[in-house]
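Inspection log for the structure reproduced underneath, given as structure tokens.
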Amino acid sequence: MGIRRTSFWIFIYLALLVMAIFNLIPFFWMVTSSFKSEGEVFSYPATLFPNAPTVYAFSKIWFQEKFIKYFMNSLIVSISTAAFSSMIGAFAAYGFSRFQFKGKTLLMTIFLSSQMIPGVLLVGPYFKMLSYVKLYNTLLGLILSQTTITLPFSIWMLKGYVDTVPVEIDQAAMVDGASRTRTFLMVVLPGILPGLVATIIFAFLLSWGDLLWALCLISAKSKQTLTLGITQLVGEFRTEWSTIMAATVIATMVPAVLYLLLQNFLIKGFTEAAVKG
């Protein structure tokens, strides 16, 4: 039994190692290519490491390709989407958890079912609605559309956390004179902080990596997001792959840093969600 058990775990670790290598190879190639010259990127045979490392691609993308504008647009849209989704989701989750009203179960089911609809099917209706209210080709319109996409998940996830906070805590706070809103902000919200952080990260990453909605709802170059701006680097007759790789490296650094800073909250949030589920 001991040999069989050891063989099993060796197989598991080998499988995990193969999966890790398979997933890390594209990132390795992206990073090394960003430090290569344009000629070396197309050299044959291909080089794993740059022969003469250069940061020319980074300087070019940062100063010559309106990259800063695209970067700031993505930050504005992603941070706003995460803030609206988590804030509205937290209040809605508290309402669904603490109050009984007609159609509550049906409404929660609709929220869950909405996640099963492919986003591409919703682009047309959103385009028509935003055009009607004069929000097409605006960052606000893009923020609102992405908020509505992330909000159902936020409500479902945060409701599970609010359910674990005893109602007696609310009652004790209100007996002491706190309003319902103050009770939620000062008593309940700190207790669901891990879930709130996980929700914020989810909404931010979904918005940061979005291409479909930005492509369909934004047309002006000055309003384009980072993902949309990177696609513009693919030319009709020539594509500078080292520049594209440099832009992609910078774009991936933001979610990577965000994860490193908040990983404890994120892991705790998803772990607790799994236990509660």
When rounded to the nearest 0.5 angstrom, what is the spacing between [atom1] in [X] and [atom2] in [Y]?
X      : Y      : atom1 : atom2 : answer
Leu17  : Leu24  : CG    : CG    : 10.0 Å
Leu217 : Ser131 : CG    : OG    : 8.5 Å
Leu144 : Thr81  : CG    : OG1   : 8.5 Å
Leu206 : Trp213 : CG    : CH2   : 10.5 Å
Leu215 : Thr231 : CG    : OG1   : 7.0 Å
Leu189 : Ile192 : CG    : CD1   : 5.0 Å

For a 4.5 angstrom cut-off between non-hydrogen side-chain atoms, does [X] reach [Y]?
X      : Y      : value
Phe35  : Thr54  : no
Met30  : Thr252 : yes
Glu40  : Thr47  : yes
Leu112 : Pro152 : no
Phe99  : Arg180 : yes
Phe58  : Val249 : yes
Tyr70  : Thr225 : no
Ser113 : Ile110 : no

Sidechain-backbone polar pair: [X] side chain, [Y] backbone, donor-acceptor under 3.5 Å:
X      : Y      : value
Ser219 : Asn137 : no
Ser207 : Phe204 : no
Thr109 : Thr105 : yes
Ser78  : Ser74  : yes
Ser114 : Phe111 : yes
Trp156 : Met108 : yes
Asn23  : Met19  : yes
Ser86  : Ala83  : yes
Asn73  : Gln224 : yes

Side-chain heavy atoms nearer than 4.5 Å, only ILVMFWY residues, links allowed to pass through others: does that put [X] and [Y] together?
X      : Y      : answer
Met174 : Val165 : no
Phe8   : Tyr13  : yes
Phe91  : Val167 : no
Ile149 : Val120 : yes
Val257 : Leu226 : yes

Tell me the salt bridge (charged side-chain N to carboxylate O under 4.0 Å, His left out) pairs involving residues 151-166, sequence neighbours left out? Lys159-Asp163
Kindly state each residue pair satisfying salt bridge (charged side-chain N to carboxylate O under 4.0 Å, His left out) with at least one member in residues 92-118, sequence neighbours excluded. Arg98-Asp170
Would you please classify the geometry between the Tyr94 ring and the Phe184 ring as parallel, tilted or perpendicular, with 30° and 60° separating the classes?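 Judged by the thresholds at 30° and 60°, the geometry between Phe184 and Tyr94 is tilted.
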Name the orientation class of the two ring planes belonging to Phe71 and Trp208 (parallel below 30°, tilted from 30 to 60°, perpendicular beyond 60°). perpendicular
Is the number of heavy atoms from other residues, nucleotides or ligands under 6.0 Å of [X] [atom1] greater than 12?
X      : atom1 : answer
Met186 : CE    : no
Phe28  : CZ    : yes
Phe22  : CZ    : no
Phe84  : CZ    : no

Output, in order, the C-alpha distance, side-chain angles, deciding distance and verdict of side chain to side chain donor-acceptor pair (under 3.5 Å) for Ser154 and Ser85. CA-CA 7 Å; Ser154 301; Ser85 180; 2.7 Å; yes
Ignoring hydrogens and angles, state whether a donor on the side chain of Tyr126 or Thr148 is under 3.5 Å from an acceptor on the partner side chain. yes
